[in-house]
Structure formats: structure tokens, C-alpha cells
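A short worksheet on the structure shown next.
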Amino acid sequence: MRAIRRFTVRTVLPAALGDLDELAHNLRWSWHPATRAVFADVDPALWQQVAGDPVAFLGALDRARLDALAADPQEVARVQAAAADLHTYLEQPRWYQRQTGTGLPASIAYFSPEFGIAAALPQYSGGLGVLAGDHLKAASDLGVPVVGVGLLYRAGYFRQALDRTGRQTETYPVLDPDGLPLTLLREADGTPARVTLALPGGRALHAHVRVAQVGRVPLLLLDSDVPDNDDAARAVTDRLYGGAGPHRLEQELLLGVGGVRALRAYTRLTGTPAPEVHHMNEGHAGFLGVERIRELVADGASFGTALELVRATTVFTTHTPVPAGIDRFETRVVEQYVAALDEKGDLPVDDVVALGTEDHEGGDPLLFNMAVMALRLTGRANGVSRLHGRVSREMFAPLWPGFDPQEVPIGSITNGVHAPTWVAPELTALASRRMSAHDLATGAGWDAAGTVSDAELWGLRRRLREGLVDDVRRRVRASWRGRGAPAADLHWIDDALSPDVLTIGFARRVPTYKRLTLMLADPERLEALLLDPLRPVQLVVAGKAHPADEPGKRLVAELVAFADQHHVRHRVVFLPDYDMRMAATLYPGCDVWLNNPLRPLEACGTSGMKVALNGGLNLSVLDGWWDEWHDEGNGWVIPTVDGVDDPGARDAAEAAALYDVLEQQVVPTFYDRDPADVPRRWLAMVRHTLATLGPKVQATRMVADYVAHLYVPAAAAGASLGADDLSGAAALAAWKERVRAAWPQVRVDHVDSGGVTGPAQVGDRLHVQAWVALGDLSPDDVEVQVVHGPVGPDDEIERFEVDALTLGDAYEADRYGYEGEVELTSTGPFGYTVRVVPRHEALTSVAATGLVATAT
């Protein structure tokens, strides 16, 4: 008989073991092996049965076992010691508290649609969410006062399985929040804290706030499955990236608007400082800026003043390398939601909707673009690798007409990964025993062969590969049983893969641009690699296609069909339901990590970083972080044929290049052994990877970069503009309004040059003069610049430099003369032009206003 209601009954711990509840509900256990061991050592079999989930583990222990533990002084002392260690971690000053100087924000809000903290809290689909989880963990380790904000999806993303034919199937098991490492935020009287959003048609969307404690960092997750909602509102947080149209829009309104309101409730109830900086991890949270503007306008600020303060204190990270990856909604629908949201009429709806309207060249003015809104609401934006920053500047350049893409105000901070989460405990333990903290942090300890011998390192790498093989066999057996295969037909799985064979991993989401099946382009050539009698290769592949992505699901089926063949199935496997648990053995156990997206469509690709931290080598096209940090010693490059328009021809050429690298470089290096059967050249690359990439790919480095380059400047800007009742923000808004009104009269009337007689030579100085009209503006409002550099055949200036010209004479009719010199530093075709741009100390870039007048 089927139950009509389902809930989780939590255990009552004996008083002596009360600290176990805190240990289970602080997700630091997910990256702290000693805390996990406190649980696992009580009952290793049960710990495996609950998949390493402390909350589930405590719930599964019977009362007699708990009472026996409580009566054991050693066990009680161990629990208390673990709790004391946690309190030390939570309370003692860390890196952030030891920073000198002023301007460090007291609180930073970090909004993301998904967070990958641990498999026990399945609120992630892939790289974006896991990156967000690593950001919170690294912030906790550094002591950065971040508060995370997201949604609690009752069915998470989805569980993937394979049917009899090898096609992906999806299920959505419902999660019970009471069985997760969460606590419900409550008012002083014990009732659940609640946020409410008004919706069109007189409806309302209510949400409770559940808190996951990620070390020192609280993560607020909004849950719309509450009794006061109608059925549609309860379903708003049903699935991650589920639904479309109004459902997705309501999710993003709840994340942004509801997230700000949840923050207000949390700070009120806990005394936590209000955030000084708000960080949008992708544009899904863009409505947080709208809510912050509404708050300021309700308190008496003008829309323009509020916009300037919000913009100055907002950071936006884009992860999207293609326009198709951005959420867009019908403008008329957004108008209805904004109008309903603003019950008191504080917001000018047209101005709000204009923030996301695609009114730029190539846009659709009938659509509202979440990334466009995010960019117009932020003063500081970044991509997630150096190459992705460049791609983003080019993609969003139409929002800043008149400026070259290199001047588009989007920088880059390359992603990092949280080493304590992703590095195999065996490798961490070995390094900790043999290396100083300094040598670990700098990577120098891996350069010294005497610290960890080649034989030890090779033995450890084999044990990690063996752990992967064991896990793969278990998962493959379960997958085949789920597909209907009888147990008697599965004896072959006992010999699937080998801990002594070169193991290549490929695991990620399965949009078509990541090219899951590029490796299958020449099946005969691939089979020759897999089945070589002396130097075989084995492949472990995993990945989920979005349920609505039929092309992606076909790619999964194609890969599974190849892997199902009797003659290769012991050398290539597809593992369904890729998640953080699988990754825990997959990343450490792979010798090589394969990444072959269409360049430059991989924003970063952090999975390869996790493999590198475990001593694996990367084999990738030059995309994402690999384009930035590859050298000849840490892996191999798959050559690409950028610019080829025929997708089939490009895939064929790059697949052939992949096979060449495998056959001629990767396989020989792995199997080239000395008399002791140790691959010295391979291990030299492993050491080089650990020594050089190890310090770079850390999430702590990434978060420290965000603090220095984005959070501190944003907080300083907010303090300046928000002081004295927003006088700075009001003055900036008034200045921008005045400049925009006057800008049609700004022009460059005439440009002249001199100082170079005869043929120009390197070292000559070009004297530039310009006469400009400023209309109602003064020279204090603008900067006149000479833009110069090498030119191409079309007279476009390439790799240009910019120098400010000096004000000279003033003339009638609001005309002014400017002059300056340019040193000629390189040979070849050279060109220059003169332009006028607005100037104000509060502007974060030359393109911040989007205004420019260039000589014609």
C-alpha cells in the first residue's frame, strides 16, 4: 500500500553524543576526513550503506547501538574532540582576518542557481554548481565572510539510468528536507521564517528558508514547497533547470528577489552583518539587483541613485560561452511579473524591463535577457578563464557600441577547485607526511624526487587506479542489472578494466559542443588502441544529457552502443548517474583526463584541474583553463582546426589528431618502463603537474583573487557612493544623466599631426592635435584620447594602446584644443584616431557609460 505522506523521523541522540548532530549538520565533514572517520568507524558497513551521509547514518543507528556508544568513554571523547576541532576551525582567525588595511567587506552574498557541496545534498547539475560549492568551501577555509543563497530543489537535478537499448532515462526521487543536512530558519517565536513574492493574477509565492552550514559559511536555500502555496507555486522549486517559460522565470525571481529577502531575514534573526557586496554566479540571479533597487526606492532614493549604488556593489560572473546558454523570456511576460512584484508601485516598470531588453544590435527587443540584465546591473564582471574572458567580451560587445571588444568591461578570474574535497585522502596523507606546509603550498615538495620516490608515487597511482576499477565494476554491474541483464550473464564484469592499463577518463554534462563521441569517429582506430595486446588503453566515460536535449541523449546512446560490444566492453565503460560520489574515485583513478570540446566553447573545464591535483595528466584542446596553463610537461594538446565551417570535417580532423597524440605520445610514455617497471618519463610529468598546476588550480587562490580584485573594490565603491544618505550615488546618477543629455553635441571636429619628417622610424614621436566640441559639458567631464597601434589591411587598429591628450586652448562655441605625443615603438603599418569619452572617478572602465565620440 502506497503512503500518501512521507517524512523523515530524526533520531534523538544521547546527551553524551549530542555533538554528533552538529558534526553531521556542518558540511565541513564533506572535505574533512577526520570528521567522516568519526562516523565511519562506528559501523563501516552501515556507513557504506548510507553512501557516507552522516545524517542518514545517525538515523540508521538503532537506540541500543547509540546507548552503547554513549557508554564508551573513548568514543565520547573522540566525538568531543572532533567537535572541539570544528569549533576551533569556526572561531579562530584565518587568512581573511589576518589581512591588513581597510575596506574588507564584513559580508558578501553569493547567489547561484545550484550548489554542489556534497552528494548528500544533491542540488547541482554540473560544473557551475560544483564551482559554487567549491567557492563556498574555499571562502570558509580562508575565513571570507560569504553567505550563499540558492534554491532547494525537492527532486534535485535528476537520476540517470539506462534502459535496455542503452538510452538515457530520468527519474526524480523526491528529497525530504528533514533528512538532509539542513536546518529551518525560524523566527524568535519558533515559526518558520518566510519570504513572499506577489505574482500576476493576485497569486503569491511563499518560501521557507533552509540553512546548510558549509564550514563557516551559511548557505540559504529557499523552498517553495510550503502549505500556503497553491500547487503551481509549490512546484516552483521542484527540479533544477526543470520547466521553461513562466516556471523558469518564477524560479529566477525567487532566487533573486526572494534571495535578497531571505538575506534580510537571516541577518535580522542572527545578527550577521548585511552584505556589502552581492555576487551573481551566472545571470539566473539577476533579479537580486531589481529587489535591491526596489528597497532603496522604497526608502526614498530615485531609481537612478539606487541603480548606481546597486551597480557599484554587485559582481557578476558569467560562465556562458554561447548566447544559447542564456535564459531569455518574453518581455511582455517579464513586465507582468515586475508589475505584480512591486505591490506599492515603487519601481518604474519600464526602466526595470529596459535593463534586460535586447535593444542592442543583433538582439531581439521582444525578449528579456538575463545576462544582459546582469551586466547592466553590475559594476564588475568576469569570465572564468582568460580565454573565456576574451570570448565573453566579444559575445557581449554589442552592448557597448563604439568600443573595441577588448575594452568591454568583462575581465577574468580563472576558476579553481577545492583541493580537500577532490584530492584522494591517500595522496593527501602521503604529501602531509613527507612535505612541509610551505612545500605543499608552493608545489616544491613534488619536484624533489627524494621526498616521495618514483616507486612510491607509482605505487600510489596504481592503488588509486585499482580503487577506480573496483568502483567501476560495481557500478557497471548495477547498471546492467537495471537494464534487465540476468546475473548469470555478468561474469565478464569481474575482469572489466584492469588496474595495470592506461586509464583515460571523460566525464561531464553532454551538450553537443562537448563532443562526447568524438573518440568514436574512427571505431577501428579506437579499437586498436583499446585492444593492443602489449599497450592497451581503457576508457571510463560518464555524463548526463539534459532531459530535454534529444541530440545529447542520442550521443549517450551512441557511446553506450559502442561500449556494449562484446569484444570491447572490458576496455570501455559508460557509467550512468555521474555525481560527486562517482567523481571521488574517478578523478584520482584516471591517468589521463580527456577534454575535446569545440574551441572556444569551454568556459573553464574544472574537472581537469581535479584530475591534475591527483597526479593525472590532461589531454585537451586548448580551451578554458588549459589554454592558459598548459605547458609541455603537464599533459598534451589536441590540435584544433579553428575556422573550419563544416562541423563534420572539423570533427574528423580533430579526432584524427586525437588518435595521433594517443598513439605517438601518450601511450608510449605510459608504457616506457625501466627495469623496475616504473615509467620514469611519465612520473616526471606527474611531478611537474603537481608542482606547477597544484598551486594554481586551488579554489583558495580563486577566492583570494575575487577578494582582491572584485569584492574589496566593490565594497569601497559602495562605501563611497552610499555615504551621507547616498549623496555620492545621487551625484553620480545626476552626472550621468547630464552627460547623456549633452552627448549628442560632443564631437571631434578636426585632428592633425606632426613631428615626423620623412619616413617614420621606430623611436620617432608623433605629435597629435585635436579640436573637439563639448556642447554643454566641460573638460572636467571628459577625457580626449589618442588610440594607436598596428593596423591591418582594412585599417582596423589591432592591439591598440590609449593615451590621454592634454587640454590646451579653449575656443568659442564650446570648442577645445588638445594635444599629446605618441612614441612609435614597432615597425609596420601604423594608425591612430582620436576619441572623446566621459570621465568620472567612480567609473570602473572607459566603456562604463557606453558613450564615445570618435573622429571620422
Side-chain angles (χ1 to χ4, degrees), residues 387 497 501-532 535-543 552 555-556 558-563 565 568 571-574 586-587 590-602 604-605 607-609 611-612 616-627 629-672 681-682 685 689:
L387 177 59
L497 304 193
V501 169
L502 171 61
T503 304
I504 299 175
F506 181 102
R508 47 192 41 85
R509 291 184 303 108
V510 191
T512 52
Y513 77 86
K514 291 182 183 283
R515 298 193 295 188
L516 171 73
T517 57
L518 185 69
M519 63 187 79
L520 307 183
D522 187 337
E524 292 184 1
R525 201 168 173 186
L526 176 59
E527 289 175 15
L529 282 163
L530 297 172
L531 304 176
D532 188 292
R535 303 188 306 181
V537 171
Q538 57 195 15
L539 282 168
V540 181
V541 185
L555 293 179
V556 170
E558 183 182 348
L559 194 289
V560 172
F562 180 86
Q565 298 176 97
V568 296
R571 287 284 180 257
V572 55
V573 296
F574 180 87
L586 180 58
Y587 296 152
C590 287
D591 300 296
V592 174
W593 195 250
L594 176 61
N595 188 34
N596 47 229
L598 283 168
R599 186 179 189 272
L601 301 185
E602 183 80 275
C604 185
S607 59
M609 294 179 172
V611 173
L617 305 178
N618 276 267
L619 171 59
S620 175
V621 303
L622 284 176
D623 206 357
W625 73 275
W626 189 240
D627 178 77
W629 288 334
H630 160 72
D631 62 36
E632 295 303 319
N634 56 19
W636 298 270
V637 171
I638 303 170
T640 55
V641 287
D642 302 347
V644 173
D645 294 330
D646 182 348
R650 177 171 180 171
D651 286 353
E654 294 184 4
L658 167 60
Y659 296 133
D660 287 344
V661 175
L662 285 169
E663 294 164 351
Q664 299 167 22
Q665 299 179 56
V666 180
V667 172
T669 305
F670 183 85
Y671 285 106
D672 179 14
R681 282 197 302 149
W682 185 275
M685 296 181 72
T689 293

Taking all non-hydrogen atoms of both residues, which atom of [X] and which atom of [Y] are closest, and how far apart?
X    : Y    : value
G608 : W625 : C-CZ2, 3.6 Å
G635 : M685 : N-CE, 3.7 Å
G633 : D631 : N-OD1, 2.7 Å
P536 : V501 : O-CG1, 3.4 Å
G624 : L387 : N-CD2, 4.0 Å
C590 : G505 : SG-CA, 3.5 Å

Are the side chains of [X] and [Y] in touch, meaning some heavy atoms are under 4.5 Å apart?
X    : Y    : value
F670 : Q665 : no
P600 : D642 : no
V540 : L497 : yes
F506 : L539 : no

Euclidean distance, [Y] [atom2] relative to [X] [atom1], rounded to 0.5 Å:
X    : Y    : atom1 : atom2 : result
L619 : L662 : CG    : CG    : 5.5 Å
K514 : E602 : NZ    : CD    : 3.5 Å
R535 : L502 : CZ    : CG    : 10.5 Å
L518 : R650 : CG    : CZ    : 10.5 Å
N596 : D623 : CG    : CG    : 11.0 Å
D651 : E654 : CG    : CD    : 7.0 Å

Are side-chain N/O atoms of Q538 and T503 paired as donor and acceptor at under 3.5 Å?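 Judged by distance alone, the side chains do pair up.
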
Say whether S620 and N618, considering side chains only, have a donor N or O and an acceptor N or O under 3.5 Å apart.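 S620 vs N618: no donor-acceptor pair found between side chains.
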
Flag the pair R599 and D627 as a salt bridge only when some basic side-chain nitrogen lies within less than 4.0 angstrom of an acidic carboxylate oxygen.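 Answer for the salt bridge query: yes.
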
Could you check, using the six-membered ring where one of them is a Trp, whether W593 and W636 have ring centers closer than 6.0 angstrom?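 No, ring centres 6.0 Å or more apart.
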
Any salt bridge (Lys or Arg N to Asp or Glu O under 4.0 Å) involving residues 655-669? Give me the pairs, sequence neighbours left out, ordered by first then second residue.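 Sorted result for residues 655-669: R525-D660, R525-E663.
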
Report the C-alpha distance between N634 and W626 in whole Å, list the side-chain angles of each, state the deciding distance to 0.1 Å, and finish with yes or no for side chain to side chain contact (heavy atoms under 4.5 Å, CB included). CA-CA 10 Å; N634 56 19; W626 189 240; 3.2 Å; yes

Given V541, which of V573, I504, L516 fulfils the side chain to side chain contact (heavy atoms under 4.5 Å, CB included) condition?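 Per the side chain to side chain contact (heavy atoms under 4.5 Å, CB included) rule, the option paired with V541 is L516, out of V573, I504, L516.
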
Go through the steps for R571 and E527 under the test salt bridge (Lys or Arg N to Asp or Glu O under 4.0 Å), then give the verdict. CA-CA 9 Å; R571 287 284 180 257; E527 289 175 15; over 6 Å; no

Given 3.5 Å as the limit, does a donor-acceptor pair link the side chain of Q565 with the main chain of F562, or not?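 It does hold such a pair.
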
Donor-acceptor check, side chain of Y659 to backbone of D522, threshold 3.5 angstrom: yes or no?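 Judged by distance alone, yes, a pair lies under 3.5 Å.
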
Check for me whether R515 meets the cation-pi criterion with Y513, that is, NZ or CZ under 6.0 Å from the six-membered ring centre and within 45 degrees of the ring axis.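 No, R515 does not lie over the aromatic ring of Y513.
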
